[in-house]
2 protein chains.
Amino acid sequence: MAQVPSSNILIRKLQTISELAEPDIAILGNARIEEKQYQANADILRDGDQPTLSFVVLDGMIGSTKMTGDGKRQITSFFVPGDIPDLHGLHLSVMDCTFTALMPSRVGFMRHDALRSICDQHPSITTVFWRSTLVDAAIYREWVTNVGRRDAYTGMAHILCELIVRLRAVGRIEDHVARLPITQAALGDALGLSTVHVNRVLQDLRRDGLISTVGSHFHATDWSGLVRAGDFDGMYLHQRAADVLRQ
Amino acid sequence: MAQVPSSNILIRKLQTISELAEPDIAILGNARIEEKQYQANADILRDGDQPTLSFVVLDGMIGSTKMTGDGKRQITSFFVPGDIPDLHGLHLSVMDCTFTALMPSRVGFMRHDALRSICDQHPSITTVFWRSTLVDAAIYREWVTNVGRRDAYTGMAHILCELIVRLRAVGRIEDHVARLPITQAALGDALGLSTVHVNRVLQDLRRDGLISTVGSHFHATDWSGLVRAGDFDGMYLHQRAADVLRQ
DNA sequence: CGCGGGGTTGAGGTCAATCAATCAATGTGG
DNA sequence: CCACATTGATTGATTGACCTCAACCCCGCG
C-alpha cells in the first residue's frame with residue numbers, strides 16, 4: 001500500500017550498526033508493520049505493561065522515561081527514526097519504563113510472535129537485534145556518566161551531539177542543522193535539570209556561538225566546538241566505520 | 001581441579017532471571033573458565049580494548065566505569081558474583097567502558113569463540129545471554145534515573161537496596177547483612193557525589209536507623225525503611241517470581 | 001479574544017562541591 | 001619496635017551550581 005515501506009528506515013538504522021546480508025534485508029523488508037501516529041507527550045507503552053508488540057520509530061522522537069516516587073521524570077534515552085526502543089520487551093515480559101512521544105511521532109508496531117519466529121529461523125537477525133539492544137545499553141552507560149559527572153553546560157552539548165550524530169546516521173538531517181521540535185522541559189528531564197536552568201544553559205551555548213535556534217529549528221553552528229564543549233566521543237554509538245566516516 | 005566449578009555461580013545467576021533447561025545447564029557447566037584474581041582498583045578490561053574474552057564475576061565486585069574529559073570517574077553499574085559484565089563484548093568489538101575491581105575480586109575468563117559456538121549450537125542459551133544483557137540495560141536505565149532525579153540521600157539508599165537484592169539472589173548474603181568492603185569513593189563515583197558528601201549521607205542513614213556499619217561489614221538494620229527511603233522497587237531487576245518471593 | 005503551552009527573566013534558597021585539616025587503621029623498612 | 005607513609009573515613013568552613021518560586025512574554029488556536 002505504501003510506496004515506501006516503513007521497514008526501510010528500520011533496515012537503514014540496523015545497517016548503521018551491523019552489516020546486513022541480502023536475505024536478511026528481504027526478511028525484514030517483509031515484516032508486517034502497523035503504523036500509528038502519536039501526539040507529543042502521548043505514552044506508547046507504560047511502566048508495568050506486558051506488551052505483545054514492539055515498535056520501530058518512523059518519524060519524530062520517543063523517550064524512554066521513568067518517574068521517581070515524588071513525581072519527577074527522567075528521560076533515560078532518546079529514540080530516533082529507525083530505532084526499536086522496546087526491543088527488550090521481546091525477552092523481558094514486564095516493562096520497567098514508559099515510552100513517550102517527545103514530539104508528534106509516527107511509529108510502526110510489530111508483533112512479538114512474528115519477531116520471535118524471525119529470530120528462530122534466522123540466527124543472523126537475532127545477532128543484529130541483540131547488537132541493537134547492546135548499543136542501546138552503551139547509550140545508557142554514557143547517559144549515566146553524562147548526568148552523574150558532567151555539568152549542565154557540558155552535558156547539554158553532549159546530548160545535542162549525540163542526537164545530531166544519530167539523526168545524521170539515518171539521513172534525517174543534513175549538515176548539522178536539525179529540525180528538533182523538542183521542548184526545553186524534555187531536555188531538562190533528559191539531563192536531570194530544571195527547565196529554567198535548561199533555558200539558561202542554551203543561552204550560554206548560543207552566546208558561545210555553538211548553536212543557534214530559529215523556532216523549532218536547531219542548528220549546530222560550530223560542530224567541532226560543540227563536540228569539544230560536550231566532551232563528546234561518539235565511539236559509544238558503535239556505528240560502523242563507513243557511517244562514522246560519513247559524518 | 002576445583003571441587004566447586006566456577007560455572008556454578010554463573011548458572012545460579014542466570015537462573016535468577018531465566019528458567020534454564022537441564023541440557024543447557026550441562027553445557028554451561030562444561031564451559032572452560034580461566035580464573036584470575038584482581039586487587040582493588042585493578043582494571044580488568046579498558047575503554048578502547050578489543051577483547052577476545054568475556055568474564056564472569058566469581059568473588060568480589062566489579063564496576064563498569066567511564067572517565068570524563070576532565071578526569072572525573074563515573075561508575076555506571078556494579079557487577080556481583082555470577083554476573084558477566086562484558087557480555088556485550090561478544091557483539092561490540094571495541095569496549096566503550098572500563099571494568100575495574102572495586103574490591104579484591106576473582107573473575108573467570110571465557111573465550112569469545114567458545115561462547116559464540118555455544119550460542120550457535122544452542123539458541124536457548126543465546127536467549128538467556130541476551131536476556132542477561134537486557135537486564136543489565138534495565139539496571140542502567142534505573143541508574144540514569146537515580147543519578148539524574150534522586151537526591152543524594154534517596155539515591156544512596158536506592159543503590160544499597162539494589163546491591164542487597166542482587167547479592168541475596170545469588171546467595172552471597174543472608175538476611176540483610178552484607179559484607180561489603182566497598183569504599184566511600186566508589187559509592188560516590190556510582191552516585192555522582194564527592195566522597196565528603198557520601199560520608200555525610202551515610203551518617204544520615206545511620207542516624208535514621210536504616211543502616212549500620214562495622215568496619216567493612218555493612219548492615220541494613222531496617223530493610224523496609226531503607227526500601228522506602230530509597231524509593232526502591234526491584235521490578236527493574238527482572239528476577240523470576242520464585243526468587244523475588246524469597247526476598 | 002481569552003487561553004494554554006512553551007520560553008524567558010529575576011531573586012532568593014538549598015544541596016552538594018571544594019578546600020583543608022584531622023584521625024584511625026594498616027603496612028613497611030630500618 | 002618504632003618512625004613513617006598510605007589509604008580511607010571524618011569534620012568544619014566556604015563556595016558555587018542549580019533549584020524553586022513567581023512573574024511575564026510570545027504565539028498559535030479554539
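Treat the numbers as computed from the prediction; the structure is a model and nothing was measured. Proteins come first, then strands; the chains are lettered A, B, ... in the order of their sequence lines, and each starts at number 1.
- In this structure, B/Phe79 and B/Tyr140 have perpendicular ring planes: the angle between them is above 60°, well past the 30° mark.
- The residues A/Asp83 and A/Lys13 are annotated as salt-bridged, a charged nitrogen and a carboxylate oxygen being separated by less than 4.0 angstrom.
- Between B/Asp189 and A/Arg149 a salt bridge is recorded (basic side-chain N to carboxylate O distance below 4.0 Å).
- Rounded to whole angstrom, the span from the CG atom of A/Leu187 across to the P atom of D/dC18 amounts to 15 Å.
- For B/Ser194, taking side-chain heavy atoms from C-beta onward, the closest of the listed nucleotides C/dG6, C/dT18, C/dA16 is C/dT18.
- Qualifying ring pair (Phe, Tyr, Trp, His ring centres under 6.0 Å) partners for A/Phe78, counting only residues two or more places apart in sequence or in other chains: A/Trp143.
- Considering only heavy atoms from C-beta on, B/Val107 stays 4.5 Å or farther from B/Leu58 through its side chain.
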Extract from the structure each pairing of a protein N or O with an N or O of nucleotides 8-11 of chain C at less than 3.5 Å, listing the distance.
| unit_1 | atom_1 | unit_2 | atom_2 | d |
| --- | --- | --- | --- | --- |
| C/dT8 | OP2 | A/Gln184 | NE2 | 2.7 |
| C/dT8 | OP2 | A/Asn199 | ND2 | 2.5 |
| C/dT8 | O5' | A/Asn199 | ND2 | 3.0 |
| C/dT9 | OP2 | A/Gln203 | OE1 | 2.9 |
| C/dT9 | OP2 | A/Gln203 | NE2 | 2.7 |
| C/dG10 | N7 | A/Arg200 | NH2 | 2.4 |

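- Between the NE2 atom of B/His197 and the P atom of C/dC19 there is a distance of 17 Å, rounded to whole Å.
- Between A/Arg172 and A/Asp59 a salt bridge is recorded (basic side-chain N to carboxylate O distance below 4.0 Å).
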Walk me through it: do A/Leu202 and A/Leu187 pass the test side-chain contact (heavy atoms from CB on, under 4.5 Å)? CA-CA 10 Å; A/Leu202 288 174; A/Leu187 289 172; 4.3 Å; yes
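- Computed from C1' positions of five pairs at each end, the angle between the two local axes of the helix from C/dC1-D/dG30 to C/dG30-D/dC1 equals 30°, rounded to 10 degrees.
- Separating the CG atom of A/Asp151 from the P atom of C/dT18 is a distance of 11 Å, rounded to the nearest angstrom.
- Between the CZ atom of B/Arg73 and the C1' atom of C/dA17 there is a distance of 18 Å, given to the nearest Å.
- Among the protein residues, A/Gly192 comes within range of the sugar-phosphate backbone only, with heavy atoms under 4.0 Å from sugar or phosphate atoms but none that close to a base.
- Proximity note for B/Leu193 (side chain, C-beta onward) versus D/dG8, C/dA17, D/dC19: the nearest is C/dA17.
- The side-chain contact (heavy atoms from CB on, under 4.5 Å) test with B/Thr145 is passed by exactly one of A/Ile75, A/Thr65, A/Thr68: A/Thr68.
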